[in-house]
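The block underneath contains the structure these notes are about, expressed in structure tokens.
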Amino acid sequence: MASNAAFRPALVIVDVQEDFCPPSGSLAVAGGRDIIPTINLLLSLPFAIKVATKDFHPRDHISFASNHPPPNNIPFESMITISNPYNASETQSTRLWPDHCVQGTPGAEILPELDIGKVQHIVEKGQDRRVEMYSAFTDPFESPSVATSDLLKKLKDANISHVYIAGLAMDYCVKFTALDSAKAGFRTYVITEGTRAIDPGPDGWGATQKDLKLQGVPLVSIDGEEMKLVRHGSQSTP
Ligand SMILES: [Zn+2]
């Protein structure tokens, strides 16, 4: 773990977009808009770098149920197997969703009440129609990777030590972004008040919290000890 001198925290705000929020989102997460005060408070803190991510799909994206033939094309229910386009032996079973966050549509917009002027970088993800991409770092395939964003480079260039994550949805894109952040060597936290799950029950929020903890990623409160260093100890410029 980094010493205080090397404490360089980043804030990563995941997919706080209209399609993931009531009242009109096609894939609205209950209470999705309620996290905005927490996120704007986080944005007011002296993180070394503040990044927002956007799910940003083409219309023919593989994760949309509407792009698959019946009967296995029911949003939220149907599962499909995706093969790595460069290596057919590597496969992933994944859920199908309603169309969401299509490039150029209002649903892909970041919520206007989010204080976006305090964000230095916006990272777009999910543009490759052939693969699902929950993590803002990369798609789930490894041999080889198919779609990788510049998020890791941004964090490394800023000499980041710790990554604090908030946004939507806790049990999908927040989870996989947090896991990849930890895998990349950053001490990683998810802010409890700054996220909501598609499934708030034990199979969603509960199981995700357990998975994250097993991989060394605790959920922490914005009022907790882990946030105090950010409030008092960080350098504010990269
Ligand atoms: Zn998506």
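Atoms within a ligand are numbered from 1 in the order they appear, just like the ligands themselves.
- Within the 2.8 Å limit, Asp55 places at least one N, O or S atom next to the Zn ion (ligand 1).
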Side chain to side chain donor-acceptor pair (under 3.5 Å) between Ser149 and Glu124, intermediate numbers included | CA-CA 7 Å; Ser149 76; Glu124 292 170 349; over 6 Å; no
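- Sorted by first and then second residue, the pairs that involve residues 68-77 and meet side-chain hydrogen bond (donor to acceptor under 3.5 Å, both in side chains), not counting sequence neighbours, are Asn72-Ser78.
- Ring pair His100/Phe20 is tilted by interplanar angle, where 30° to 60° counts as tilted.
- The closest side-chain heavy-atom distance from Thr177 to Thr53 is not below 4.5 Å.
- Coordination check, His61 versus the Zn ion (ligand 1): failed, since every N/O/S atom of the residue sits at 2.8 Å or beyond.
- Not a single N, O or S atom of Cys173, from either the backbone or the side chain, sits less than 2.8 Å from the Zn ion (ligand 1).
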